[in-house]
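Remarks on the structure that follows.
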Amino acid sequence: MVKFIGSIKQHPARVSLAWYAATITIGALLLMQPGSSMDERHPITALDAVFTATSATCVTGLAVRSTGGDYSWFGQLVIMVLIQVGGIGIMTVTTYLAFQLGGRLGLRQRAIITETLGAREHADIRWVLGRVIRLTLLFESVGALLLFIRFLFDFTPGDALWQAAFHSVSAFCNAGFALHDDSFVRYQGDWMVNLTLMVLIIAGGIGYPVIIDLNRNWQDSWRDRWDALSLHSKLMLVGTGVLLVFGAVMLLMLEWDGVLRGMSFPRRLLVACFHSTTCRTAGFNTIDVGALTSATLFLSMLLMAVGAGPCSAGGGFKVSTLTVLALRVWASFRGRRQIHVSRRMIAETAVIRAIATAAGFTAVAIVSLTILLVVAPAGRPYSVAGGDFMDKAFEVVSALGTVGLSTGITADLNGAGRVILILLMFIGRLGPISAFIALSRSERKQAVEYAQEEPLIG
């Protein structure tokens, strides 16, 4: 522990790990207080408090207790604050507050913020931080206003304001926490609620570098703005659009006679678009996820694994990672050694990082699923073979991708199963590679270099 603490200053990943762990601990302690429980006869246990605090701080949305039914207003406020801090980034919030109090930014802090927000090497960090905070508050305020207007038809003004604020923060931070036990099933056909949440989810998941890049040249024409965008922004915008359309079309095809049966075409289209969007690490649902076919669950798992964009509130191994891998495969098929796109060449080091990120995510998911199948027996009978496997696989990918969607087994898991999900949510928020770096020993230089030899691949 002394060696680990002593080397925190040298490794930005370890600073993030320590901050997230401390925030989760404080959040869990607050949720364990009698004032956080709606009914003092059924207090929040330590494990449930840690699970909820981790899910909120890591903006996941998986829950073992009813957010609206088991937690008091104070408990819900704690959860919302954890979501906000975890969504923007703990180091972002603390550094911004330090700036406001007249503090200075050291080299190590600058490295952490640059990595967290995807800022350029010589960018004005104070300006970037201010822009991130202002854009976050802008999106959440507009979203809360729209939801407040809609919720006034269903709740008292006070309840409508709280519902709007909580769900706006939860949506933009891609957390998926809802104050209704059925999430947003009751608003399945409500275009205003669905579209507001979808815009917030996409804006919060596309990444701060893309939002700032789009905002930088907003006065130019669309063509000039597109040409002025960075390669990362272009890949993220195209990749996000393709995945959203792909997910919606596939859900329509796979569930036309399933959960979408009996709906009008406009409602089917709205439900499909919302599910495709929320699979991008958001966690809300307007349909019963447990009623989806195995094919749709598997498709949802793929979308959850990909997740959102780097330096965003979302998780997964990221859209840009998938885009770079797809471009690498396409270039190989065409017999090209280099990747050229939009008059730019993608460096081979970026391809190596993409492969490591996707491989790390897959490896963690496989190992965790195996352990979960062993330590957590099926909590309910299944009429088809493999039902327990599919549910647990879905749960593992949802936790590691910090999504929050569930087929309904989260609360049925035993203590060991919940601990596994807690670790997965924690790793998923940091990123598997960052988590491994934070827990690994310092890099050592190899004194001897050996001759290269290529093994047979494929």
Side-chain angles (χ1 to χ4, degrees), residues 12-13 15-16 19-20 57-59 83-100 105 109-143 168-175 198-218 225-226 228-241 243 277 280-282 306-321 323 350 353 357 401-402 428-431 434:
V15 177
S16 297
W19 272 104
Y20 272 96
T57 307
C58 299
V59 290
I83 291 172
Q84 186 71 87
V85 173
I88 298 179
I90 296 172
M91 290 303 300
T92 304
V93 176
T94 55
T95 305
Y96 180 76
L97 292 176
F99 268 139
Q100 295 302 107
L105 191 66
Q109 286 180 296
R110 182 182 180 87
I112 298 169
I113 294 299
T114 301
E115 180 181 349
T116 302
L117 300 180
R120 297 174 183 175
E121 184 177 356
H122 301 292
D124 185 349
I125 298 299
R126 184 189 294 268
W127 180 87
V128 173
L129 284 171
R131 182 57 60 91
V132 166
I133 299 295
R134 287 193 294 271
L135 287 173
T136 298
L137 295 178
L138 175 63
F139 275 105
E140 292 178 351
S141 298
V142 174
S168 181
V169 171
S170 184
F172 183 79
C173 293
N174 283 216
M198 288 166 61
V199 171
L200 288 172
I201 292 168
I202 295 172
I206 204 167
Y208 292 114
V210 179
I211 297 178
I212 294 176
D213 204 9
L214 288 171
N215 185 255
R216 185 179 290 112
N217 304 300
W218 65 274
R225 290 175 67 182
W226 178 259
L229 291 176
S230 65
L231 178 60
H232 169 75
S233 296
K234 293 177 180 178
L235 294 180
M236 275 301 306
L237 291 172
V238 173
T240 298
L243 287 174
T277 302
R280 309 293 311 292
T281 82
V306 176
C311 307
S312 72
F317 62 77
K318 303 299 185 287
V319 175
S320 55
T321 300
T323 307
R353 287 199 303 269
T357 301
T402 69
R429 183 57 182 140
L430 290 176
S434 297

Checklist entry - Looking only at heavy atoms, what is the nearest atom pair of C173 and Q84, with distance? => result SG-NE2, 3.7 Å
Item to check | Nearest atoms (heavy-atom pairs only) where A308 meets G314 | outcome: CB-CA, 3.8 Å
Item to check | side chain to side chain donor-acceptor pair (under 3.5 Å) against S170, all qualifying residues, sequence neighbours excluded | outcome: none
Checklist outcome for this item: Correct closest heavy-atom pair for I88 and Y208 would be CA-OH, 3.7 Å
Item to check | Any donor-acceptor pair under 3.5 Å from T281 side chain to T402 backbone | outcome: no
Next on the checklist: Is the shortest side-chain heavy-atom distance between T277 and I202 below 4.5 Å?
Outcome noted: yes
Checklist entry - For the residue pair L200 and S168, what are the closest heavy atoms and their distance? => result CD1-OG, 3.7 Å
Item to check | N/O donor-acceptor pair under 3.5 Å between R429 side chain and G86 backbone | outcome: yes
Checklist entry - OG1/T323 to CG/L231 distance, rounded to the nearest 0.5 angstrom? => result 10.0 Å
Checklist entry - Could you walk me through whether V319 and L235 pass the side chain to side chain contact (heavy atoms under 4.5 Å, CB included) check? => result CA-CA 8 Å; V319 175; L235 294 180; over 6 Å; no
Item to check | Heavy-atom pair of closest approach, residues P209 and S233 | outcome: O-OG, 4.3 Å
Item to check | Nearest heavy atoms of I211 and A203, plus distance in Å | outcome: CD1-O, 3.1 Å
Checklist entry - Would L135 and I212 count as a side chain to side chain contact (heavy atoms under 4.5 Å, CB included) if you check the C-alpha gap in whole Å, the side-chain angles of each, and the deciding distance to 0.1 Å? => result CA-CA 9 Å; L135 287 173; I212 294 176; 4.2 Å; yes
Checklist entry - S320: what forms a side chain to side chain contact (heavy atoms under 4.5 Å, CB included) with it, not counting sequence neighbours? => result H232, M236, P310, K318
Checklist entry - Considering residues at least two apart in sequence or located in another chain, which fulfil the side chain to side chain contact (heavy atoms under 4.5 Å, CB included) criterion with L237? => result I206, V210, L214, W226, L229
